Amino acid sequence: PSTETVVNPAGEAALLDFFATWCAPCKPQMAELRTIRSSYPDLHMLSVTWEVDETAVADFWQEYDGTWPVATDPEVRTGPAFSVDRLPTLVLVDASGAEAWRDVGLTEAESISEQVEAVL
């Protein structure tokens, strides 16, 4: 599937989380994202890492209770496609696939929620 299909299925809003298992602020970011997942169970969420070691990613996902899909992109196609060069980065796209909001660094659930409400 194309990057657009994965990111914006059936023309829905989507929250993308670019992270790495070795990224210090990515660890507490998981708790904030779990709050968003509980508040918006129908929101399409996808976390993306450019790491190659799928076992390390699976272990991280289990340790930090990831409850939404995670994808590996070892060819780093998504970074340039979404102009992401720092981690963690959150990108919220609206139903048309246009970027509605972005934040770099640890972001609190309350801030994410405000932006999600604006695009739903």
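The analysis underlying the following values was restricted to heavy atoms, covering all of them including side chains, and did not include hydrogens, waters or symmetry mates. Source: prediction; values computed, not measured.
With Ser38 contributing its side chain and Arg34 its backbone, the two residues share a donor-acceptor pair below 3.5 Å. Checked by atom type and distance alone, the side chain of Thr35 pairs as donor or acceptor with a backbone atom of Ala31 at under 3.5 Å. Distance alone, capped at 3.5 Å, places no donor-acceptor pair between the Ser39 side chain and the Arg37 backbone.
Residues Val48 and Val104 do not share a hydrophobic cluster, defined by chaining ILVMFWY side chains whose heavy atoms lie under 4.5 Å apart. There is no path of hydrophobic side-chain contacts, each under 4.5 Å, that joins Leu106 to Trp101.
How far CG of Asp94 is from CD of Glu12: 12.5 Å, rounded to the nearest 0.5 Å. Note that CG of Leu90 and CE of Met45 are 8.5 Å apart. Values are rounded to the nearest 0.5 Å. With rounding to the nearest 0.5 Å, the separation of CG in Leu15 from CD1 in Ile36 is 7.5 Å. Gln29 contributes atom CD, which lies 8.0 Å from atom CG of Asp103 (distance to the nearest 0.5 angstrom).
Residue pairs meeting the disulfide (SG to SG under 2.5 Å) criterion with at least one partner in residues 91-120, sequence neighbours excluded, are absent.
When the salt bridge (Lys or Arg N to Asp or Glu O under 4.0 Å) test is applied to Arg102, the partners found at least two apart in sequence or on another chain are Glu99. Under the side chain to side chain contact (heavy atoms under 4.5 Å, CB included) criterion, Val52 pairs with Pro74, sequence neighbours left out.
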Show me the donor-acceptor pairs within less than 3.5 Å that the side chains of residues 109-116 make with the rest of the protein, sequence neighbours left out.
from, atom 1, to, atom 2, distance (Å)
Ser113, OG, Tyr40, OH, 2.6

Using a 3.5 Å cut-off and no angle test, enumerate the donor-acceptor pairs between side-chain atoms of residues 53-66 and protein atoms at least two apart in sequence or in another chain.
from, atom 1, to, atom 2, distance (Å)
Asp53, OD1, Thr55, N, 3.0
Asp53, OD1, Ala56, N, 3.1
Trp61, NE1, Trp68, O, 3.1

Side-chain donor/acceptor pairs under 3.5 Å, residues 17-25, sequence neighbours excluded:
from, atom 1, to, atom 2, distance (Å)
Asp17, OD2, Ser47, OG, 2.7
Thr21, OG1, Glu51, OE1, 2.5
Thr21, OG1, Glu51, OE2, 3.3

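Smallest separation of non-hydrogen atoms from Val119 and Ala13: CG2-CB, 3.9 Å.
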